[in-house]
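Notes follow once the structure below has been shown.
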Amino acid sequence: LKFYGGEPLLARLLMPGFIAELNRVCCESGIPVAYDIVTNATLFDEKLIRIFIENSIRMQITLDGSGETHDKRRAWKGTGKGSFEEIFANLELIASYGGAHLVNLRMNVDQENISEVGELARRARALGIGTFTCGRIHFREKQTEYQEKMLSSESFDETFDLEIFRILAPLGYADSPANLESRDTCLYHWKRGFAVSPSLDLFKCDELIEHPEYRVGSIDENGVPV
């Protein structure tokens, strides 16, 4: 089960009870369950971190560079303050509770920040973070302010993939980085993959949730897909 958003930790007050109840149901039914979450990691607290570690919940957390570069791209709405220090403080907190091996620290790379891969990967290794991956930003045809900085799939594959691999391999992050493409994130091609809306409707792609005409089913009050 993957918690995905938006930002799933906006529902952090509901998560402990949800996880406990799902664990109970799965235990009684003899069904194994594993958890993942994709989060910006700004809303963690010590209680939630302990629950995540106790349940071996794998955490994908994204930083878009080291400090200043990340802060330009991921700032708090209203204040404009960057989020790097808060995220990294929570990474340190996760590590202090013995959960660094559950973290996949992801860096979205483009022409502006690719030179910062080594510094961020070294900081991740110092914390004992289990996985560090890089990927090309892909917005599925959406126009963004980063458009001119984005790397083409061809330039990433032919030039930067090997360069990044050579940086990461000595640090123990030996897997070659993989592109983040629409076919990887969209559930259309996953036979048993569905995006679930807050109203428990089912969709084959998370970007279709706001378009009810593309609903392919729902989950009833007994937790059964219909």
Side-chain angles (χ1 to χ4, degrees), residues 2-13 15-16 35-137 144-146 149-151 160 163-175 177-178 180:
K2 177 173 285 187
F3 298 107
Y4 191 77
E7 174 49 54
L9 289 186
L10 287 171
R12 62 193 179 280
L13 298 180
M15 281 188 174
Y35 300 96
D36 291 82
I37 188 170
V38 179
T39 173
N40 63 27
T42 58
L43 298 175
F44 272 122
D45 57 37
E46 294 185 25
K47 177 182 176 181
L48 199 57
I49 287 172
R50 288 197 298 269
I51 291 172
F52 276 31
I53 293 174
E54 289 169 1
N55 288 276
S56 299
I57 297 178
R58 298 196 61 83
M59 297 163 269
Q60 179 177 304
I61 297 168
T62 302
L63 288 170
D64 284 341
S66 298
E68 183 178 351
T69 302
H70 172 92
D71 284 345
K72 286 193 301 183
R73 303 181 182 193
R74 296 185 183 244
W76 287 100
K77 185 177 180 179
T79 67
K81 180 185 176 183
S83 58
F84 183 90
E85 292 301 329
E86 289 172 82
I87 295 171
F88 208 85
N90 280 331
L91 287 171
E92 293 175 326
L93 190 58
I94 292 169
S96 72
Y97 279 100
H101 65 289
L102 295 170
V103 174
N104 170 21
L105 185 59
R106 176 182 169 82
M107 179 175 172
N108 293 320
V109 296
D110 57 32
Q111 298 177 54
E112 182 181 46
N113 69 0
I114 197 166
S115 62
E116 300 175 17
V117 170
E119 178 185 349
L120 190 57
R122 284 189 288 273
R123 294 187 70 175
R125 172 51 62 208
L127 288 180
I129 287 174
T131 308
F132 184 98
T133 57
C134 295
R136 182 179 69 88
I137 296 176
T144 76
E145 60 183 289
Y146 305 130
K149 302 171 185 176
M150 288 168 58
L151 300 167
F160 296 108
E163 177 183 334
I164 293 172
F165 178 75
R166 287 172 173 165
I167 295 171
L168 298 184
L171 296 169
Y173 300 123
D175 290 341
L180 177 61

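The side-chain heavy atoms of Q60 and T131, taken from C-beta on, include no pair separated by under 4.5 Å. Counting heavy atoms from C-beta outward, P8 and M15 have side chains that approach closer than 4.5 Å.
The CG atom of D71 lies 8.5 Å from the CD1 atom of I87; values are rounded to the nearest 0.5 Å. Rounded to the nearest 0.5 Å, atoms CG (L9) and CZ (F3) are 9.5 Å apart. With rounding to the nearest 0.5 Å, the separation of OG1 in T69 from CZ in F84 is 9.5 Å. Taking CZ of R106 as the reference point, atom CZ of F132 lies at 10.0 Å (rounded to 0.5 Å).
Taking the side-chain hydrogen bond (donor to acceptor under 3.5 Å, both in side chains) definition, one finds that S66 meets it with nothing, sequence neighbours left out. Scored by the side-chain hydrogen bond (donor to acceptor under 3.5 Å, both in side chains) test, N104 finds T133 as partners (sequence neighbours excluded).
Between the side chain of D36 and the main chain of Y4, no donor-acceptor pair closer than 3.5 Å is present.
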Please report, to 0.1 Å, the donor-acceptor pairs under 3.5 Å made by any side chain of residues 37-44, with sequence neighbours excluded.
residue, atom, partner, partner atom, Å
T39, OG1, E7, OE1, 3.4
T39, OG1, E7, OE2, 2.9
T39, OG1, A41, N, 2.9
N40, OD1, T42, N, 3.0
N40, OD1, T42, OG1, 2.8
N40, ND2, E7, OE1, 3.3

In a table with atom names and distances, give each donor-acceptor pair under 3.5 Å that connects a side chain of residues 48-59 to protein atoms at least two apart or in another chain.
residue, atom, partner, partner atom, Å
N55, OD1, N23, ND2, 2.7
N55, ND2, I51, O, 2.8

Which donor-acceptor pairs under 3.5 Å do side chains of residues 119-127 form with protein atoms, sequence neighbours excluded?
residue, atom, partner, partner atom, Å
R125, NE, L171, O, 2.7
R125, NH2, L171, O, 3.1

Would you mind writing out the side-chain donor-acceptor pairs for residues 91-100 within the sub-3.5 Å range, not counting sequence neighbours?
residue, atom, partner, partner atom, Å
S96, OG, L93, O, 2.6
Y97, OH, E46, OE1, 2.6

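For S83 against H70, the heavy-atom pair with the smallest separation is OG-NE2, 3.0 Å.
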Under the side chain to side chain contact (heavy atoms under 4.5 Å, CB included) criterion, do M107 and V117 qualify, and how do the steps go?
-> CA-CA 8 Å; M107 179 175 172; V117 170; 3.8 Å; yes

